[in-house]
Student: 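Encoded as structure tokens, here's the structure I'll be asking about.
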Amino acid sequence: MERSTDHEFYQRVPRPLGAMAKSYPSGYPGYLHSHPRAQFLYAESGTMKVTTDRGSWVVPPHRAVWFPPNYPHQTGALSLLKMRTLYIRADSVPREAPKEPRVIQVTPLLRELVRRVTEMPIEYDQQGHDGRIIAVLLNEINWSPAFAVAMPSLRDSRLVAIEQALSSEPGDNRTLEEWAAMAGASARTLTRLFLKETSMSFRSWREQFRALAVLPRLVEGTPISTLAVEFGYETPAAFAAMFKRVMGITPSQYASELR
């Protein structure tokens, strides 16, 4: 049986686990879908954006996303993406696996095991060496949640308009009053809506939006000084301070961790 890049193919493979290797171009938007099998979604290189009913995660390399069976999601590529996906039959999902989507850390050993499994025959020998490798892989997954910042999904059309504008120009430093004039609402109304839909102030939401939007550029190795200007900060230090407030580490530390 030849390997495919169609995710539907792996829902029917006659084995407990099917592994797919596939690449996507930068800007690929993805589409909402689900699978009968659980999904372990890992970006070997590049940055993906994963959206569910709970919001969106921007997921850099060395982290994976877990989806239980039949959970709707959308996966897009924010940079050239080399994705490795494991589709696990429902009756073979480890008992400790979470019942909801989760971002998890990928250790060097787990990364190599995923690579190995994507090179196996589709109909691997379950009782032989390949079957033992898969057992080790499933046992190597640490189901503890990795640090990940999620962007809540915005529903109000006025907030969506602001989000779309910042997507095009993340360095836009308009005040809330100026955004209110653009959106056709009062600053007080926008303040109330941001708190209601995100549990954050507008300023905190914008900082989180920018910190996530910059991740693909950090993966590409763009200098911090360049990013500070593009994302609306007068100095690299001010940009780094914002990033650390959101992510818990500086952009230089984050880029070093990725390398």
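Just so you know, these numbers come straight off a predicted model, no measurement behind them. Here, residue 1 is the first one in the sequence, and each next residue gets the next number.
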Student: Hey, is the main chain of N142 close enough, under 3.5 Å, to the side chain of Q105 for a donor-acceptor pair?
Tutor: no
Student: Quick one: closest heavy-atom pair of A180 and A187, and the distance?
Tutor: CB-N, 3.5 Å
Student: Considering all heavy atoms of both residues, which atom of Q74 and which atom of P29 are nearest to each other, and what is their separation?
Tutor: NE2-O, 3.0 Å
Student: Hey, is the main chain of T47 close enough, under 3.5 Å, to the side chain of S79 for a donor-acceptor pair?
Tutor: yes
Student: Take the angle between the ring planes of H33 and H35 and call it parallel below 30°, perpendicular above 60°, tilted in between.
Tutor: perpendicular
Student: Examine R174 relative to W179 and say whether NZ or CZ is less than 6.0 Å from the centre of the six-membered ring and inside a 45° cone about the ring axis.
Tutor: yes
Student: In the single-linkage hydrophobic clustering (I, L, V, M, F, W, Y; side-chain heavy atoms under 4.5 Å), do L154 and L32 co-cluster?
Tutor: no
Student: Mind checking whether P72 and D53 have side chains closer than 4.5 Å, heavy atoms only?
Tutor: no
Student: How long is the gap from CH2 on W57 to OG1 on T51, to the nearest 0.5 Å?
Tutor: 10.0 Å
Student: Using a 4.5 Å cut-off on heavy atoms from C-beta on, say whether the side chain of L227 contacts that of F243.
Tutor: no
Student: Side chain of Q208, backbone of A150: donor and acceptor closer than 3.5 Å?
Tutor: yes
Student: Would you mind reporting whether R89 and P16 have side-chain heavy atoms less than 4.5 Å apart?
Tutor: yes
Student: Would you say the side chain of Y28 lies within less than 4.5 Å of the side chain of L81, judging by non-hydrogen atoms?
Tutor: no
Student: Main chain of D156, side chain of E197: is a donor-acceptor contact present, judged purely on distance under 3.5 Å?
Tutor: yes
Student: Treat each ILVMFWY residue as a node, draw an edge where side-chain heavy atoms are under 4.5 Å apart, and state whether L17 and F67 are in one component.
Tutor: no
Student: Using 0.5 Å steps for rounding, measure from the CE atom of M151 to the NZ atom of K49.
Tutor: 8.5 Å
Student: For the pair L78 and L215, evaluate side-chain contact (heavy atoms from CB on, under 4.5 Å) and give the outcome as yes or no after the intermediate values.
Tutor: CA-CA 9 Å; L78 299 181; L215 294 184; over 6 Å; no
Student: So M83 and Y24, do their side chains get closer than 4.5 Å, heavy atoms only?
Tutor: yes
Student: What are the two closest heavy atoms between P69 and P36, and how far apart are they?
Tutor: CB-O, 3.2 Å
Student: Flag yes if V93 and V117 sit in one hydrophobic cluster, no otherwise; membership is Ile, Leu, Val, Met, Phe, Trp, Tyr, and two members link when side-chain heavy atoms are under 4.5 Å apart.
Tutor: yes
Student: For the residue pair W143 and R102, what are the closest heavy atoms and their distance?
Tutor: O-NH1, 2.6 Å
Student: Donor-acceptor pair, distance only, cut-off 3.5 Å: does the side chain of E178 make one with the backbone of T175?
Tutor: yes
Student: Which distance, rounded to the nearest 0.5 Å, do you find between the OH of Y42 and the OG1 of T85?
Tutor: 11.5 Å
Student: Under 3.5 Å, side chain of R84 to main-chain N/O of R115, donor-acceptor pair present?
Tutor: no
Student: Checking side-chain polar atoms at under 3.5 Å, does Q39 have a donor or acceptor matched by the opposite partner on H7?
Tutor: no
Student: Just wondering, more than 12 heavy atoms not from E96 lying within 6.0 Å of its CD?
Tutor: yes
Student: Can you find a pair of side-chain heavy atoms, one from Y233 and one from I224, that are under 4.5 Å apart?
Tutor: no
Student: Can you tell me how far apart CE (M20) and OH (Y87) are? Round to the nearest 0.5 Å.
Tutor: 3.5 Å
Student: Looking at T250 and A240, would you say the former's side chain and the latter's main chain have a donor-acceptor pair under 3.5 Å?
Tutor: no
Student: Is the backbone of P170 close enough, under 3.5 Å, to the side chain of E230 for a donor and an acceptor to pair up by distance?
Tutor: no
Student: State whether the side chain of K22 and the backbone N or O of T5 hold a donor-acceptor pair below 3.5 Å, judged by distance alone.
Tutor: yes
Student: Identify the heavy atoms of E140 and L110 that sit nearest to each other, and give their distance.
Tutor: CG-CB, 3.9 Å
Student: Following the transitive rule for hydrophobic clusters with a side-chain heavy-atom cut-off under 4.5 Å over Ile, Leu, Val, Met, Phe, Trp and Tyr, establish whether V160 and L176 coincide in one cluster.
Tutor: yes
Student: Is there a side-chain contact (heavy atoms from CB on, under 4.5 Å) between Y124 and H129? Walk through the geometry before answering.
Tutor: CA-CA 9 Å; Y124 57 85; H129 182 64; over 6 Å; no
Student: I'd like to know whether CZ of R245 has more than 12 heavy-atom contacts from other residues, nucleotides or ligands below 6.0 angstrom.
Tutor: yes
Student: So if you build clusters from Ile, Leu, Val, Met, Phe, Trp, Tyr with side-chain heavy-atom gaps below 4.5 Å, do L159 and L195 land together?
Tutor: no
Student: Would you give the length of the straight line joining atom CZ of R192 to atom OG of S186, rounded to the nearest 0.5 angstrom?
Tutor: 8.0 Å
Student: Take R15 and I134, measure what side-chain contact (heavy atoms from CB on, under 4.5 Å) needs, and give me the verdict at the end.
Tutor: CA-CA 11 Å; R15 293 293 184 273; I134 287 176; over 6 Å; no
Student: Which heavy atom of R95 sits nearest a heavy atom of K99, and at what distance?
Tutor: O-NZ, 4.1 Å
Student: Quick check: do L137 and L86 have side-chain heavy atoms less than 4.5 Å from each other?
Tutor: yes
Student: Can you tell if the side chain of M182 reaches within under 4.5 Å of the side chain of I162, non-hydrogen atoms only?
Tutor: yes
Student: With a 4.0 Å cut-off, would you call E207 and R210 a salt bridge?
Tutor: no
Student: Please determine whether side-chain contact (heavy atoms from CB on, under 4.5 Å) holds for the pair F202 and L190, giving the CA-CA distance in whole Å, both sets of side-chain angles, and the decisive distance to 0.1 Å.
Tutor: CA-CA 8 Å; F202 167 70; L190 291 186; over 6 Å; no
Student: Counting distance only, does the side-chain N/O of T198 pair as donor-acceptor with the main-chain N or O of F194 below 3.5 Å?
Tutor: yes
Student: Atom NZ in K244, atom CZ in F239: separation rounded to 0.5 Å?
Tutor: 14.0 Å
